[in-house]
Chemist: 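The structure under discussion is supplied below as structure tokens; questions concerning it will follow.
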Amino acid sequence: MKFYSTNNKNLRVGFKEAVFNSMPQDKGLYMPEHIPHLDDKFLNNLDQYTLPEIAYHVAQNLLGDDIPADDLRAIINDAINFYAPIVKLEKNVFVLELFHGPSLAFKDFGARFMSRVMAYFLEEGEKQLDVLVATSGDTGGAVALGFLGVPNTRVTILYPKGKVSHIQELQLTTNGQNIRALEIDGTFDDCQALVKQAFTDKELNEKFRLTSANSINIARLIPQTFYYFNAYAQLLRQGISKAVFCVPSGNFGNIGAGLLAWKMGLPVEHFIAATNANDTVPAFLKSGVYEAKPSVSTLSNAMDVGNPSNWVRIADLFDEDLDTVRQLITGYSYTDEDTLAAIEQLSKDDNYVACPHTAIAWKALKSYQQEHTADDTACIFLSTAHPCKFPDVFKPEIAEKIKIPAQVSELEEKESHAVSLGTSFEEFKRYLLNNA
Ligand SMILES: *Cc1c(COP(=O)(O)O)cnc(C)c1O
């Protein structure tokens, strides 16, 4: 498969180049030059396949012969080695739990697949790959754990001091090996600015083989399609064939992958994009006018994005035919107050504790369901992180219900290490050069 830039369809690169570049020079995003429609035999019999089998079939169709069959199978079996169950909460209401991977967030799917693909493509004797990643919490953990111990790679994570939760911080700082954590005395935006500047710095680029691991990498998008197919397979096993997916959205990579799955033939009736107060896309879906805004901070901070970078991919998937987009996707946005109320209601109604991002999706799903769906249609909301990653959000009587996974208790035992830096680029650069 070749990949073009959303800014220039004549530009074509292979998968390896798209993965290592992350972003084309023209600042577009990579997209597959054609979207394969999966065969009916596969789609009609999805319920016969396991998650890794589904993942292999989907990836194989998208990537063609970029990675030989046996190697692709091995990458998938190693990367996608945890479950993504749907859990029924009420009639026609299911939650798709995407937090059973090592970092307890859906970003494990993208990060684990991408890290293994990068390691696969690094040829013998090639220069070490230096991954720089800025995180507001979840991305860093997924990327760190995705690359942990992967040969010939090193990850440097920048996170804003005091602005990630305790568990998130432990996930960033207790890895050792080829992972190092930098605690920046600033905001997430400062972290991101440092990383961006590093990519344009001549000296750093001469010295290191830098790559970013952010959510625009095509190797993160592709594995996120797997769990949509797999969720649908689980519905089929329950005799349900009509599905609506509701996705808590920030950079719109997750829902973008769902739409890609739809384009590949997954028969989804409708998508719901649920956001916090950063409502650029819901506002666009209502008005038809796309207006990027500065981001505002909320309780669901992994979705604090004012100009979602994957939106151009979605526009591209639909050839800029925005009427179709608006027919297929409905947007909802909620305040922090709504979020807290949703967490409480869901806990009361269904005895289910959701993280703040997930609770927004539940609320959007409920609103949509009341207005729209038929009795034979299942609504599935995606749970993007385990609630234990956001302990400060919950009232004690709700926090009490959260079962802490074993990985977390183990983290508490480990030694934590981070280097503290300010927001100056020169200081950051000096650190990188002196710690090569
Ligand atoms: C990253 C993240 C999101 C947003 O996903 P996008 O693909 O950026 O839309 C939602 N919830 C959680 C918990 C996340 O970590």
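Whatever order the structure lists them in is the order used to number ligands and atoms, beginning at 1.
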Chemist: Before accepting this row, confirm whether a basic side-chain N of the pair D47/R237 lies closer than 4.0 Å to the acidic partner's carboxylate O.
Modeler: no
Chemist: Run the numbers for me: atoms of ligand 1, each under 4.0 Å from some heavy atom of A385, listed by number.
Modeler: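 Numbered from 1, ligand 1 contributes 13 (C).
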Chemist: With heavy atoms of N254 as the reference, note each atom of ligand 1 found under 4.0 Å away.
Modeler: 7 (O)
Chemist: May I ask you to check if ligand 1 and K107 share an N or O to N or O distance below 3.5 Å?
Modeler: yes
Chemist: Distance to 0.1 Å, residue and atom name: give those for the protein heavy atom nearest to atom 11 (N) of ligand 1.
Modeler: T384 OG1, 2.8 Å
Chemist: At a 4.0 Å cut-off, with the gap strictly under it, does some heavy atom of A105 reach an atom of ligand 1?
Modeler: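 For ligand 1, residue contact (heavy atoms, under 4.0 Å) with A105 is absent.
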Chemist: Evaluate G250 for polar contact with ligand 1, using N/O atom pairs at a separation under 3.5 Å.
Modeler: yes
Chemist: By number and element, which atoms of ligand 1 are closer than 4.0 Å to a non-hydrogen atom of M303?
Modeler: 10 (C)
Chemist: Is there a polar contact, in the sense of an N or O pair closer than 3.5 Å, between F252 and ligand 1?
Modeler: yes
Chemist: For ligand 1, find out whether one of its N or O atoms is nearer than 3.5 Å to an N or O atom of N251.
Modeler: yes
Chemist: Against F109, only a single residue in Y227, Y228, F99 fulfils ring-ring contact (aromatic ring centres under 6.0 Å, His included); can you say which?
Modeler: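 Passing option: Y227.
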Chemist: Heavy-atom contacts under 4.0 Å between D138 and ligand 1: side chain, backbone, both, or neither?
Modeler: side chain
Chemist: Is it true that the side chains of T187 and K163 contain a donor and an acceptor less than 3.5 Å apart?
Modeler: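 Per modelled atom types, T187 and K163 side chains form no pair under 3.5 Å.
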Chemist: Using distance alone, determine whether G253 and ligand 1 share an N or O pair under 3.5 Å.
Modeler: yes
Chemist: State whether K9 and E33 are salt-bridged, where the test is any N-O pair (Lys NZ or Arg NE/NH1/NH2 against Asp/Glu carboxylate O) under 4.0 Å.
Modeler: no
Chemist: Among protein heavy atoms, which lies nearest atom 5 (O) of ligand 1, and at what distance?
Modeler: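 Its nearest protein heavy-atom neighbour is F106 CZ, 3.4 Å.
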Chemist: Run the salt-bridge test on K389 and D138 with the 4.0 Å N-O cut-off and return the result as yes or no.
Modeler: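 A salt bridge links K389 with D138.
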Chemist: Charged N to carboxylate O below 4.0 Å: is that the case for E90 and K366?
Modeler: yes
Chemist: Do R116 and D78 meet the salt-bridge criterion of a basic N to acidic O distance under 4.0 Å?
Modeler: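 Yes, D78 and R116 are salt-bridged.
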Chemist: For residues Y120 and D71, is any side-chain donor paired with an opposing acceptor at under 3.5 Å?
Modeler: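 Per modelled atom types, Y120 and D71 side chains form a pair under 3.5 Å.
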